[in-house]
Amino acid sequence: FTDVGSGSWCYKYVAELSDANVISGYSNGSFKPDSTVSYGAALKLIMLAAGYPEQAPTTKNVFSGYLAKARADGLVSRSNVNLSAPITRLQVAQLAAGALRLDINNLSSVKPFTDTADVYVQALNAAGIVEGYFNNGTSTFRPSNTLTRGQVSAIVWRMQNYRK
């Protein structure tokens, strides 16, 4: 992609996922790694990375089939999901940990982040799939922040390469 050079932090993830036809860019040859990703797009990538098959749309929204399957499998319990809205770091962690069926019951009593005690975040961190931000001796996750296309690519790549 024209905007993801070999020196970019997400180059490895984006290149490998693109080569495997997991992700794609835009018609102008760009990937836009710093653009936010929608709930629907992230949901699709997470479910595919966890081994789910493609899901046909159930409504006019291209991601509606993924939401229906995620609800049926207990990955999403909220009734008011906006598939077009940006997804948060916490939402991605909850979806990814659920899709991978990570154990949330036998976690360390030591919490890796000071700004969330969410068990799904902790399980994904223990599995090496998500990281936080380290600053002045404090590690935070920033659960309400949105994710970029580059960040989601890194998470999806790590999910695909995760071995229990």
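For the numbers below, each heavy atom of this structure counts, side chains included, while hydrogens, waters and symmetry mates do not.
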Could you give all pairs that pass the salt bridge (Lys or Arg N to Asp or Glu O under 4.0 Å) test and reach residues 52-70, with sequence neighbours left out?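 Residue pairs with at least one partner in residues 52-70: K69-D73.
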Quick one: side chain to side chain contact (heavy atoms under 4.5 Å, CB included) partners of [X], sequence neighbours excluded?
{"X": "N82", "value": "S84, A85"}
{"X": "A123", "value": "L102, I104, L107"}
{"X": "D34", "value": "none"}
{"X": "D3", "value": "F1, S30, F31, K32, P33"}

I'd like to check the side-chain hydrogen bond (donor to acceptor under 3.5 Å, both in side chains) partners of [X]; sequence neighbours left out, ordered by chain and number.
{"X": "T146", "answer": "none"}
{"X": "Y11", "answer": "none"}
{"X": "E16", "answer": "W157"}
{"X": "N106", "answer": "D103"}

[X] versus [Y]: any side-chain heavy-atom pair under 4.5 Å?
{"X": "L95", "Y": "Y39", "value": "yes"}
{"X": "T116", "Y": "R142", "value": "no"}
{"X": "I23", "Y": "S153", "value": "yes"}
{"X": "Q122", "Y": "S108", "value": "yes"}
{"X": "Q151", "Y": "W9", "value": "yes"}

Check the hydrophobic clustering (I, L, V, M, F, W, Y; side-chain heavy atoms under 4.5 Å; chains of links allowed) and say if V62 and V37 are grouped together.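 Yes, because V62 and V37 connect within a single hydrophobic cluster, where side-chain heavy atoms sit under 4.5 Å apart.
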Do L124 and Y120 belong to the same hydrophobic cluster, where Ile, Leu, Val, Met, Phe, Trp and Tyr are linked whenever their side-chain heavy atoms lie under 4.5 Å apart, directly or via other members?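 Unlinked, L124 and Y120 end up in two clusters.
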Kindly write out the residues that satisfy salt bridge (Lys or Arg N to Asp or Glu O under 4.0 Å) with R158, not counting sequence neighbours, or none if the list is empty.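 Listed in chain order: E131.
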Taking only residues two or more places apart in sequence, or in another chain, which ones meet K111 in a salt bridge (Lys or Arg N to Asp or Glu O under 4.0 Å)?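 Applying salt bridge (Lys or Arg N to Asp or Glu O under 4.0 Å) to K111 gives none.
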Atom [atom1] of [X] and atom [atom2] of [Y]: how far apart are they, to the nearest 0.5 Å?
{"X": "L147", "Y": "T36", "atom1": "CG", "atom2": "OG1", "result": "9.5 Å"}
{"X": "N125", "Y": "F113", "atom1": "CG", "atom2": "CZ", "result": "4.0 Å"}
{"X": "I129", "Y": "N161", "atom1": "CD1", "atom2": "CG", "result": "9.5 Å"}
{"X": "Q91", "Y": "S144", "atom1": "CD", "atom2": "OG", "result": "10.0 Å"}

Under 6.0 Å from the CG atom of N80, do we count more than 12 heavy atoms belonging to anything else shown?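 Yes, CG of N80 has more than 12 neighbouring heavy atoms, counting only those of other groups under 6.0 Å.
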Audit row: L43, I87, side-chain contact (heavy atoms from CB on, under 4.5 Å) steps and yes/no: CA-CA 9 Å; L43 177 63; I87 194 165; 5.8 Å; no
Stepwise side-chain contact (heavy atoms from CB on, under 4.5 Å) test for L67 and V76: CA-CA 8 Å; L67 181 58; V76 175; 3.9 Å; yes
Shortest non-hydrogen contact between [X] and [Y], atoms and distance:
{"X": "L45", "Y": "V22", "result": "CD2-O, 3.5 Å"}
{"X": "A99", "Y": "I46", "result": "CB-CG2, 4.1 Å"}
{"X": "A96", "Y": "M159", "result": "CB-SD, 3.8 Å"}
{"X": "P143", "Y": "T88", "result": "O-CB, 3.5 Å"}
{"X": "R101", "Y": "Y52", "result": "NH2-OH, 3.3 Å"}
{"X": "R149", "Y": "S24", "result": "NH2-O, 3.0 Å"}

Let's go through V121 and L90 carefully: what are the C-alpha distance in whole Å and the side-chain angles of both, what is the deciding distance for side-chain contact (heavy atoms from CB on, under 4.5 Å) to 0.1 Å, and is it a yes or a no? CA-CA 7 Å; V121 171; L90 179 59; 3.7 Å; yes
Is a side-chain donor or acceptor of Y66 paired with a backbone partner of M47 at a separation under 3.5 angstrom?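 Such a contact is absent between Y66 side chain and M47 backbone.
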The test is side-chain contact (heavy atoms from CB on, under 4.5 Å); show your working for V130 and F141 and say whether it passes. CA-CA 9 Å; V130 295; F141 185 71; 3.9 Å; yes
Non-neighbouring partners of F63 that pass ring-ring contact (aromatic ring centres under 6.0 Å, His included), sequence neighbours left out: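 Checked F63 against ring-ring contact (aromatic ring centres under 6.0 Å, His included); zero matches.
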